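Only one structure is covered here, and it is reproduced in the block below.
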Amino acid sequence: QVQVMESGGGSVQAGGSLRLSCVASGYTGRYYLCMGWFRQSPGKEREGVALIYNGGGVSSLYYADSVKGRFTLSQDLSGNTAYLLMSSLEPEDTAMYYCAADPCTYGDSRRRSSLSPSEWNNWGQGNQVTVSS
């Protein structure tokens, strides 16, 4: 089982930047981790933000259209920590942000390119991001 913990977030004015971090721990199997970020606003369904996979010389990186060009997802060399740098933030980005991490293959990462939350199993508790106008 994978334990997931997010940190970062907070409040910022529109146009500003914030960075979220996600640490996955407890997994000792042979697969690399897919790590993804999702967000949920009050009254709305959880939606995918970005996904990253690095393993065996191949990689995957996907973004939701709503954040392309503004958000950057990266991963450290251990493959267990992911960073979401959010720039040019808009009030519409206000939400609880969740990290998820699952053991997966490169093929799995490509199948998850739609960023559907239902495909993920191990979730963090969430961190609030608030963008004021």
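Every value quoted in this text rests on a predicted model; they were computed, and no experiment measured them.
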Within 6.0 Å of OH in Tyr62, more than 12 heavy atoms from elsewhere
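Atom OH in Tyr62 is packed in, count exceeds 12.
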
For atom CD of Gln128, is the number of surrounding heavy atoms from other residues, nucleotides or ligands below 6.0 Å larger than 12?
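Atom CD in Gln128 is crowded, with more than 12 foreign heavy atoms closer than 6.0 Å.
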
Would a hydrophobic clustering, with Ile, Leu, Val, Met, Phe, Trp and Tyr connected at side-chain separations under 4.5 Å, put [X] with [Y]?
X	Y	value
Leu61	Leu20	yes
Tyr83	Met35	no
Leu51	Tyr97	no
Leu115	Met96	yes
Leu84	Tyr53	no

Under 3.5 Å, side chain of [X] to main-chain N/O of [Y], donor-acceptor pair present?
X	Y	value
Ser109	Ser59	no
Glu6	Gln125	yes
Thr94	Val131	yes
Glu47	Arg39	no
Asp102	Asn122	yes

State whether Trp123 and Arg46 meet the cation-pi test: NZ (Lys) or CZ (Arg) under 6.0 Å from the six-membered ring centroid, and within 45° of the perpendicular axis.
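Arg46 over Trp123 ring: yes.
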
Centroid separation under 6.0 Å, is that true for the rings of Phe71 and Trp37?
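For Trp37 and Phe71, the ring centres are not under 6.0 Å apart.
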
